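Just so we're on the same page: letters track the sequence lines, and every chain starts at 1. Computed from a predicted model, the values in this text were never measured in an experiment.
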Number of protein chains: 2
Amino acid sequence: MRDKPMTIRDIAKEAGVSRATVSRFLNGGHWVSEESAKRIQDVIDRTDYVANERARSLATGRSNSVAFLLGEPQELLFADPNFSTLLRSIADELGRKGMSLIMMTTDNENENRRNLKYLRGGHVDGVLLVAWHLGVRKGLIHSLHAMEMPVVVAEYPSVDSDSTSYVHVDDYRGAIRATRYLAERGAGSIGMIAGPEGPSGTLARVRGYRDVVKDMTGEPAWIEHGDYSKDSGHDAALRLLDRAPDLDGIFASSDLMAVGAMQALRERGKSVPGDVQVIGFDDQPLAQISEPPLTTMRQPFAEIGKRMVDQLLVLLEGGLPVGTTLPLELIVRQTTR
Amino acid sequence: MRDKPMTIRDIAKEAGVSRATVSRFLNGGHWVSEESAKRIQDVIDRTDYVANERARSLATGRSNSVAFLLGEPQELLFADPNFSTLLRSIADELGRKGMSLIMMTTDNENENRRNLKYLRGGHVDGVLLVAWHLGVRKGLIHSLHAMEMPVVVAEYPSVDSDSTSYVHVDDYRGAIRATRYLAERGAGSIGMIAGPEGPSGTLARVRGYRDVVKDMTGEPAWIEHGDYSKDSGHDAALRLLDRAPDLDGIFASSDLMAVGAMQALRERGKSVPGDVQVIGFDDQPLAQISEPPLTTMRQPFAEIGKRMVDQLLVLLEGGLPVGTTLPLELIVRQTTR
DNA sequence: TTGAAAGCGGTACCAT
DNA sequence: ATGGTACCGCTTTCAA
């Protein structure tokens, strides 16, 4: 190993060619003779030369790296296994394409400004944006558009939606599938524990649930909101039981809430899935560990990450923004009959 | 917003000074008159100019970014909330210092080579290394040293330990604290569900457990190994019960294994904490959710991340490598009396 | 205190 | 095919 890294000059000299030739060789090898190519390759092998990516990006104007921008203070997010899955799949996919991932988190308005500034600094070619909160997302998309930064959003943009690439999940159909499954397995009175009011995801799921209940069971719709935490699921289930003591099915908008609901059910002396069938949403690891293992709708986070990267690359090539809607998959375990 | 980003030239021209002066202003403002400073500041404010970080790093030789290198294929790691906590705290701390984080994952030997090459490409000033597996860790530390790359390791390096910065947790004392607590609360026959054999962490914890058992209970030590998964904890607990039917305390080396053990206990008709007290290790979110909530040793991952960043910055300033050993904290919940 | 100019390590255009 | 060379945007002597 040498102290001072080699430069393209060293290689050129060593190989007896000009640096222009070496450069060409490095970038596809067109217009360089077999002869020269071989000599250059030899030298490179011998010296384990690696091009300085920064110099290169200065010259080309491309940085070969993209930012993963987490647009809001979310302690919870990092603790959320789903989020980690997303991040991991993005990191992998990017690595596969030879690009690097720069992580940017936002904890406050100050950091937000700094991040935006950083992005304008020419560090990255594009941005993968995660911002579940609608207002934040809109603002960020706006800023990014303004600086003409290519961006792919996880979730439906809800602003400039036709000029913004995004990848999201079909919440409406997922909810339909979940609720219908409960009905098919014999549940006649189905309640829903929804996420916080506001987000479009919540709306879509509630809509799906409502449509099925109306069609299939003829029973009224029972809806309580939680905040995705276990406790909120527990409390919501209690409220549900108060309103509809004969409830025999619960569709929860997250696995965590489903687990909380099951606890509440146990407290009220109801068995799962005997008395009440339960279905969750996410399929995070907890779903397999819970007692009994939870039937749930799986979010394809790995796939989402992969798509996001692909779509960003398309944008970088000058392609047009597209939106992808991925299906949710029903994973049957033991909280349904 | 303008199309072509501004350059230092534009600012200089606009402010009626040379780019050298602007540059000096940007870097601390020494040797630039009040007069000029004000004019430059004005122009910058007006144009929201941001220096091109790549050009800067080409000129200075410093990149202002560090790599988070995950040295081994670890599907599980990303699903591990602890890992996420670590990552998050590192991202935050780095952000606070105005540096950026480049994520590097390794899935196979190929990627490993690519990563190493990337590091040699001058992208980053230093590396934060996570590689739980001993062999991998040693190899990586070696490679990093060879290319004179500053590095801070999460975990005890086990190689070049006195010339390598690291941050780790005091497994030995943690195990002592956990086992002793069990004994103090009345457990007379304590078994341990340890992690996989091999890693130094496992060894240290086993040692701590042994020392306490020998001192306090006078009973023999019962040890079974798991692989940190829930199922392995379940099975290990069963083996433990077979060997020592009167067991009234279990110290598990991870929360997940503790939860598995509790399930096994239930199957054998033992109550927790009535018949058997259980204590876990990690304090991941699961510990609060489990039934009953788990007493456990908390790993200070946020603190670990912060320290790693701090120590890396020290290295970058030319400081000497140091090792930090952090204490584990006992979190009492309801699986102990 | 300031500015001119020589890099930093590549890329890419233009002759040859 | 190849080499010369003018940048890319910024930092950093060095002289003034």
Set of side-chain contact (heavy atoms from CB on, under 4.5 Å) partners for B:Ile102, sequence neighbours left out: A:Ser100, A:Ile102, B:Ser65, B:Met104, B:Tyr118, B:Val124
For DNA chain D, the residues among residues 30-40 of chain A that have a non-hydrogen atom under 4.0 Å from it: A:Trp31, A:Val32, A:Ser33, A:Ser36
- request: Could I get the full list of salt bridge (Lys or Arg N to Asp or Glu O under 4.0 Å) partners for B:Glu34, not counting sequence neighbours?
  value: none
- request: Report the residues that fulfil side-chain contact (heavy atoms from CB on, under 4.5 Å) with B:Glu155, sequence neighbours left out, ordered by chain and then residue number.
  value: B:Trp132, B:Arg137, B:Ser200
query: Just how large is the angle between the end axes of the helix from C:dT1-D:dA16 to C:dT16-D:dA1, five pairs per end, to 10 degrees?
result: 40°
query: Which nucleotides of nucleotides 6-16 of chain D have their base under 4.0 Å from a protein heavy atom (B), which only their sugar-phosphate (S), and which neither (-), written as one string 5' to 3'?
result: B-BBBBB----
message: Could you go through A:Ser57 and A:Thr60, starting from their C-alpha distance and side-chain angles, then the distance that decides it, and tell me whether this counts as side-chain hydrogen bond (donor to acceptor under 3.5 Å, both in side chains)?
response: CA-CA 5 Å; A:Ser57 101; A:Thr60 58; 5.6 Å; no
- line: Residues A:Leu69 and A:Leu140: closest non-hydrogen pair is CD2-CG, 4.3 Å
query: Yes or no on side-chain contact (heavy atoms from CB on, under 4.5 Å) for A:Leu128 and A:Val309, after CA distance, side-chain angles and deciding distance?
result: CA-CA 8 Å; A:Leu128 297 172; A:Val309 171; 4.2 Å; yes
task: With sequence neighbours left out, write down each residue that passes salt bridge (Lys or Arg N to Asp or Glu O under 4.0 Å) with B:Glu111, or none if nothing qualifies.
output: B:Arg114
- request: Determine which pairs satisfy ring pair (Phe, Tyr, Trp, His ring centres under 6.0 Å) with at least one residue from residues 93-116 of chain B, sequence neighbours left out, and list them in order.
  value: none
task: Considering only heavy atoms of chain A and a distance under 4.0 Å, specify the first and last nucleotide of DNA chain C in 5' to 3' order that meet this criterion.
output: C:dG9 to C:dA12
task: Name all pairs fulfilling the salt bridge (Lys or Arg N to Asp or Glu O under 4.0 Å) condition that reach into residues 6-29 of chain B, sequence neighbours left out, sorted by first residue then second.
output: B:Glu14-B:Arg46
field: With A:His133 via side-chain hydrogen bond (donor to acceptor under 3.5 Å, both in side chains) - residues at least two apart
entry: none
- prompt: Counting N and O atoms only, with roles assigned by atom type, does the side chain of A:Asp125 sit under 3.5 Å from a partner on the main chain of A:Val66, one being a donor and the other an acceptor?
  reply: no
Contact list for residues 135-165 of chain B, test ring pair (Phe, Tyr, Trp, His ring centres under 6.0 Å), sequence neighbours left out: B:Tyr156-B:Tyr166, B:Tyr156-B:His168
